[in-house]
Amino acid sequence: NGNNKVCMTWQKISNVNGYQLKFSTDKKFKKVLKTVTVKKNATSVTTYVKNKRKTLYIRIRPYQTINKKKVYGRYSSLQLW
């Protein structure tokens, strides 16, 4: 059916409010399949992504909330799944 279970883990960063993960089928993330936002205490996430192709690219970035606005950090290097 094209649904793939994806488990992703990372190391915790201090002074952040959460993390944003993006899943795509191409390296440049022109078409994002799914975006997941998790809280600061999380160090892993399990989700389902609709993907009929074999390769799935994943990137993650932290964010902080400053003056009620989310300020994002830089993305991690690409991860293949």
Side-chain angles (χ1 to χ4, degrees):
N1 64 2
N3 283 333
N4 295 316
K5 185 176 181 180
V6 179
C7 300
M8 180 80 179
T9 60
W10 60 90
Q11 291 184 353
K12 192 185 266 191
I13 300 174
S14 61
N15 299 328
V16 298
N17 293 100
Y19 303 92
Q20 182 186 56
L21 289 90
K22 288 195 177 190
F23 302 89
S24 179
T25 54
D26 63 309
K27 285 183 180 181
K28 297 193 179 195
F29 285 81
K30 290 186 178 182
K31 184 180 178 187
V32 176
L33 297 176
K34 190 170 190 175
T35 302
V36 178
T37 304
V38 294
K39 302 287 184 182
K40 66 179 179 180
N41 293 330
T43 57
S44 65
V45 67
T46 302
T47 186
Y48 288 94
V49 178
K50 285 190 175 186
N51 181 22
K52 293 183 181 179
R53 298 182 183 179
K54 291 185 178 181
T55 305
L56 185 67
Y57 296 95
I58 306 167
R59 64 184 182 179
I60 183 172
R61 65 180 175 176
Y63 71 86
Q64 280 186 316
T65 305
I66 300 173
N67 294 331
K68 297 183 182 180
K69 290 187 178 182
K70 287 184 181 178
V71 178
Y72 292 96
R74 66 178 190 183
Y75 281 108
S76 66
S77 58
L78 292 178
Q79 302 293 321
L80 294 176
W81 182 78

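The figures that follow rest on heavy atoms only: side chains count, while hydrogens, waters and symmetry mates do not.
- Smallest separation of non-hydrogen atoms from Phe23 and Val6: CE2-CG1, 3.8 Å.
- For Lys34 and Thr47, the side-chain atoms include at least one donor-acceptor pair closer than 3.5 Å.
- Across all non-hydrogen atoms, the minimal contact from Gln20 to Tyr75 is OE1-OH, 3.8 Å.
- Shortest non-hydrogen contact noted between Gln64 and Val16 is CG-CA, 4.0 Å.
- Residues Arg61 and Tyr72 have side chains that never bring a donor and an acceptor to within less than 3.5 angstrom of each other.
- A chain of hydrophobic side-chain contacts below 4.5 Å, direct or via other Ile, Leu, Val, Met, Phe, Trp or Tyr residues, connects Ile58 to Ile13.
- Here the rule is side-chain contact (heavy atoms from CB on, under 4.5 Å) with Lys22, and of Val36, Ile60, Thr35 only Thr35 fits it.
- Applying side-chain contact (heavy atoms from CB on, under 4.5 Å) to Thr25 and the options Val49, Thr55, Leu33 leaves one that passes, Leu33.
- The two residues Ser24 and Leu56 have their closest heavy-atom pair at O-CD1, 3.4 Å.
- Of all the heavy atoms in Lys5 and Thr46, the pair that sits closest is CE-CG2, 3.4 Å.
- Counting only distance, with no hydrogens or angles, the side chain of Tyr19 and the backbone of Trp10 share no donor-acceptor pair below 3.5 Å.
- Judged by a 6.0 Å distance limit and a 45° cone about the ring axis, Lys27 is not positioned over the six-membered ring of Tyr57.
- Side-chain contact check for Leu21 versus Met8: some heavy-atom pair is nearer than 4.5 Å.
- Between the NZ atom of Lys39 and the OG1 atom of Thr37 there is a distance of 9.5 Å, given to the nearest 0.5 Å.
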